[in-house]
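We're numbering straight along the sequence, starting at 1. For ligands, and for the atoms within them, numbers begin at 1 and follow the listed sequence.
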Amino acid sequence: MTQNDQKRAAAEAALAYIEPDSWLGVGTGSTVEFFIEALAATKSRFIKGAVSSSERTTKLLKQHRIEVESLNNVDRLPVYVDGADEVTEHGAMIKGGGGALTREKIIAAVAQKFICIADQSKLVSVLGAFALPVEVIPMARSYVARELVKLGGHPEWRAGVTTDNGNVILDVHGLSIINPVDLETQINQIAGVVTVGLFARRGADVVVLGGDAGVTTRVIGKK
Ligand code: 5RP
């Protein structure tokens, strides 16, 4: 199986978690694009519509004639489906490779259940080999970078990238994240940080991974 086949398999398996007649949170990235294709082909008529985590996802949902609703108009969001750059067996994730981390984190906070879909290469025992994205208010870029160096990281400005919210991204290399909840909390405290792409305080509830032997599912908190 190619990596794309694994992503597609995980994406298709996530259809089983959709709650009919409800709003559905939809993340961003190549794995989510497979999910949107599968959703459009099968279940889109059963959901009320989608809450989108990025302009890119909104465009794709609309191309597939799936209604997109503002999060502010949605009182209940049972399920959010999104990818990850890295995920542990405990459901902690690094996200934001596609730059959509802030809206992703907001939707994850609202959703009752976070379904993470990925190919097996994303499963790690310790987060941090993938550079940790941090969305920052533009005027705070240098200050935040200096603070991230104090935490042991090597921040790199993602040049030429402006997020959907008008901010910049620092990708932090060289971290070995032993305690993701603590690091998420610490980085959240730095003035000028909008969002850190660590999703540990609110991690995934279910991790659906596509691999060579098919799809494996981990329900976090259950053996
Ligand atoms: C975007 C994300 C994506 O979920 C993450 O980058 C994974 O992407 P892909 O499915 O393309 O591997 O966090 O901000």
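- Near G98, meaning under 4.0 Å from one of its heavy atoms, ligand 1 places the atoms 1 (C), 6 (O), 14 (O).
- For the pair K95 and F199, the cation-pi criterion (under 6.0 Å, within 45° of the ring axis) is fulfilled.
- The closest donor-acceptor contact from the side chain of S53 to the backbone of G27 lies under 3.5 Å.
- Rounded to the nearest 0.5 angstrom, K122 NZ and Q3 CD are separated by 6.5 Å.
- Nearest non-hydrogen protein atom to atom 3 (C) of ligand 1 is T28 O, 3.1 Å.
- Remark: ligand 1 atoms within the under-4.0 Å shell around heavy atoms of G99 are 14 (O).
- R103 has a carboxylate O that lies under 4.0 Å from a charged side-chain N of E55, or vice versa, which qualifies the two as a salt bridge.
- Hydrophobic clustering (side-chain heavy atoms under 4.5 Å, transitive across Ile, Leu, Val, Met, Phe, Trp, Tyr) groups V136 together with L132.
- By the rule that hydrophobic residues join a cluster once side-chain heavy atoms approach within less than 4.5 Å of another member, V32 and I115 end up as members of one cluster.
- For atom 12 (O) of ligand 1, the closest non-hydrogen atom of the protein is K122 NZ, 2.6 Å.
- Residue G96 approaches ligand 1 through these ligand atoms, each under 4.0 Å from one of its heavy atoms: 2 (C), 13 (O), 14 (O).
- Between the side chains of N4 and T2, not a single donor N or O lies within less than 3.5 Å of an accepting N or O.
- Remark: ligand 1 atoms within the under-4.0 Å shell around heavy atoms of G83 are 4 (O).
- Under 4.0 angstrom from ligand 1, the non-hydrogen atoms of A84 all belong to its backbone.
- Considering only non-hydrogen protein atoms, atom 9 (P) of ligand 1 sits nearest to S30 OG, 3.3 Å.
- Between atom 6 (O) of ligand 1 and the options T163, V87, D82, D85, the minimum heavy-atom separation is to D85.
- Counting the atoms of ligand 1 from 1 in the order shown, those under 4.0 Å from a heavy atom of K95 are 2 (C), 3 (C), 4 (O), 13 (O).
- Partners of F114 according to the ring pair (Phe, Tyr, Trp, His ring centres under 6.0 Å) rule, which considers only residues two or more places apart in sequence or in another chain, are Y80.
- Between T217 and V208, some side-chain heavy-atom pair lies under the 4.5 Å cut-off.
- Given atom 1 (C) of ligand 1, the protein heavy atom at minimum distance is E104 OE2, 3.1 Å.
- Close approach of ligand 1 to A100 is summarised as follows: ligand atoms under 4.0 Å from at least one heavy atom of the residue are 14 (O).
- Closest to atom 10 (O) of ligand 1 among all protein heavy atoms lies T31 OG1, 2.6 Å.
- If you number the atoms of ligand 1 from 1 as listed, the ones under 4.0 Å from a heavy atom of K7 come out as 12 (O).
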